[in-house]
Amino acid sequence: MNNTAWPRPNDRNLDSTAVPHNFALTESLNARCARHFGNHRSRLDELGVGLHQIGGAEVFDFGTGHAGTLAGGLLLAELCLSGLANVVLSPARGSPGADWPTIDVHTSHPLLACMASQYAGWPVSAGTYFAMGSGPARIARQREPYFERYPLTDGSREGWLVLESSRLPDPETVEQIASEACVPAAGLKIAVARTASFPGTIQVVARSIETTMHKLFELDFDLACIRAAQGSCPLPPIGKNDLQAIGWTNDAILYGSRVCLWVDCEQEAVEAAAKRLPASTSPDHGRPFAEIFERYGHDFYAIDRLLFSPAWVTVHNLRTGQVVVTGELRPDILRESFGLPPGVGPT
């Protein structure tokens, strides 16, 4: 059996009480991803997913030239998380006109599900093709700072990757991905969706916890201390094009997402991180993301990297029993971004 294996606590000078719960799994993340997808493979037509053989790999089209489906979007988000989190579409609730559906995520393995799998840390680039890659195929590549701090091995002969793109990869791109993922092309499984589709939009706004984890990583908080997490984010309209969808999905996270974390660490570490954790602590916060993006010439890397974080965070410290609440919800910016009148939309 292939195991998802982490070094022992003493190898990384981590608090040993934080390690076993987060790090011990009986199968690799790629194997978990394959098993989770296998439960739905007979439903591809129903889910609006097309299957293609490209360069020897199986490529699943969740929504590149079409809108896809809500159910396909929930499955795609779960694949990004290697099946280690529950992703649900919660129905609109609240007063008339002010109700709005949300994408809710919860996991008991946030370090593995969100950072080792869901984080889009692989910039796939071959010829004219470019996409950001998520999923456990990133593990074998080992080219991200995250894997330097939290070494992880995965002996699976399959590699699962989710690409955010408006077109399917060509054989040259598949060959490069297989090479970097250290798996044969026949073992490569690639799921693709453009942002302006149900699956593309859902898999982005299902990242409320992941953005929190990545922000904490940037703040040098020990992610192994995070025992469980829950996140909720408004589901924005489906954009007419990818640029509009990128703006709306980022706004949903920055101005409307709520995240709860359960941690086990010293209270001083929680207090120090909380001061800078929500999106409102960034100087780029306060306007729709489309405006921010345009101001920086559509260059993600020019934007303050600490902007990309949730609107509202609650941290429960299991060690001390203390709770810290921080952040600011901005439904006014969401209404402006989505083109809604006052009093209508997420609250």
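Predicted, not measured: the structure shown is a model, and the values here were computed from it. Numbering starts at 1 and runs along the sequence shown.
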- Message: Could you tell me if Arg207 and Ser134 have a donor-acceptor pair between their side chains, going purely by distance under 3.5 Å?
- Response: yes

- Query: Are the side chain of Thr64 and the backbone of Arg194 linked by a donor-acceptor contact shorter than 3.5 Å?
  - Reply: no

- Fit a plane to each ring of Trp262 and His316, take the angle between them on a 0 to 90° scale, and name the class: parallel (under 30°), tilted (30 to 60°) or perpendicular (over 60°). parallel

- Note on the structure: Residues passing the salt bridge (charged side-chain N to carboxylate O under 4.0 Å, His left out) test with Glu175, sequence neighbours excluded, are none

- Query: Using a distance-only test with no angle check, is there a side-chain donor-acceptor pair under 3.5 angstrom linking Ser257 and Ser208?
  - Reply: no

- Message: Between Phe221 and Cys265, is the side chain to side chain contact (heavy atoms under 4.5 Å, CB included) condition met? List the steps.
- Response: CA-CA 10 Å; Phe221 183 87; Cys265 63; 3.8 Å; yes

- Task: Could you point out which residue of Glu27, Glu78, Glu158 forms a salt bridge (Lys or Arg N to Asp or Glu O under 4.0 Å) with Arg35?
- Result: Glu27

- Query: Any side-chain heavy atom of Gln230 within less than 4.5 Å of one from Val105?
  - Reply: no

- Of all the heavy-atom pairs spanning Asp61 and Gly63, show the shortest one and how long it is. OD1-N, 3.0 Å

- Given side chains that start at C-beta, do those of Ser82 and His36 come closer than 4.5 Å, heavy atoms only? no

- Query: Would you call Glu218 and Arg276 a salt bridge, taking side-chain N to carboxylate O under 4.0 Å as the test?
  - Reply: no

- Taking NZ, NE, NH1 and NH2 as the nitrogens, is one of them in Arg330 or Asp251 under 4.0 Å from a carboxylate oxygen of the other? no

- Query: Hey, what's the ring geometry for Tyr150 with Phe217, parallel, tilted or perpendicular (30° and 60° as the breaks)?
  - Reply: tilted

- Query: With a cut-off of 6.0 Å (strictly less than), are more than 12 heavy atoms of other residues, nucleotides or ligands near CG of Asp45?
  - Reply: no

- Message: With a 6.0 Å cut-off (strictly less than), is the heavy-atom count around CD of Gln53, excluding the residue itself, greater than 12?
- Response: yes

- Task: State, yes or no, whether a side-chain contact exists between Val59 and Leu51 at a heavy-atom distance under 4.5 Å.
- Result: no

- Query: What's the spacing between Arg138 CZ and Trp122 CH2 if we round to 0.5 Å?
  - Reply: 10.0 Å

- Message: Side chains of Arg167 and Thr128 only: does a donor on one sit below 3.5 Å from an acceptor on the other?
- Response: yes

- Message: Within the structure provided, determine whether Pro234 and Leu334 are in side-chain contact (heavy-atom separation under 4.5 Å).
- Response: yes

- Query: Would Leu89 end up clustered with Val49 when hydrophobic side chains under 4.5 Å apart are linked, directly or stepwise?
  - Reply: no

- Establish, from distance only, whether the side-chain atoms of Tyr255 and Ser280 form a donor-acceptor pair under 3.5 Å. no

- Task: Determine whether His285 and Glu328 make a side-chain contact, defined as any pair of heavy atoms from C-beta on separated by less than 4.5 Å.
- Result: yes

- Might you point out which heavy atoms bring Val124 and Leu161 nearest each other, and give the distance in Å? CG2-CD2, 4.1 Å

- Message: Taking Arg149 first and then Asp220, would you say they form a salt bridge - that is, a charged N and a carboxylate O separated by under 4.0 Å?
- Response: yes

- Assess the side chains of Thr102 and Asp104: does a donor N or O sit below 3.5 Å from an acceptor N or O? yes

- Kindly give the heavy-atom pair with the smallest separation between Trp248 and Pro237, and that separation in Å. CE3-O, 3.3 Å

- Stepwise, does the side chain to side chain contact (heavy atoms under 4.5 Å, CB included) test hold for Ile303 with Phe289? CA-CA 10 Å; Ile303 301 171; Phe289 186 79; 3.8 Å; yes

- Item | Verdict with reasoning, Leu261 to Thr212, per side chain to side chain contact (heavy atoms under 4.5 Å, CB included) | CA-CA 9 Å; Leu261 303 176; Thr212 311; 3.8 Å; yes

- Query: Does a side-chain heavy-atom distance below 4.5 Å link Cys114 with Leu81?
  - Reply: yes

- Message: Assess, by modelled atom type and distance only, whether the side chains of Gln267 and Glu271 contain a donor and an acceptor separated by less than 3.5 Å.
- Response: yes

- Query: Any side-chain donor-acceptor pair under 3.5 Å between Asp304 and Tyr296?
  - Reply: no

- Once the angle between the rings of Trp160 and Phe37 is folded into 0 to 90°, is it parallel (under 30°), tilted (30 to 60°) or perpendicular (over 60°)? tilted

- Item | Lys189 side chain to Gly159 backbone, donor-acceptor under 3.5 Å | no

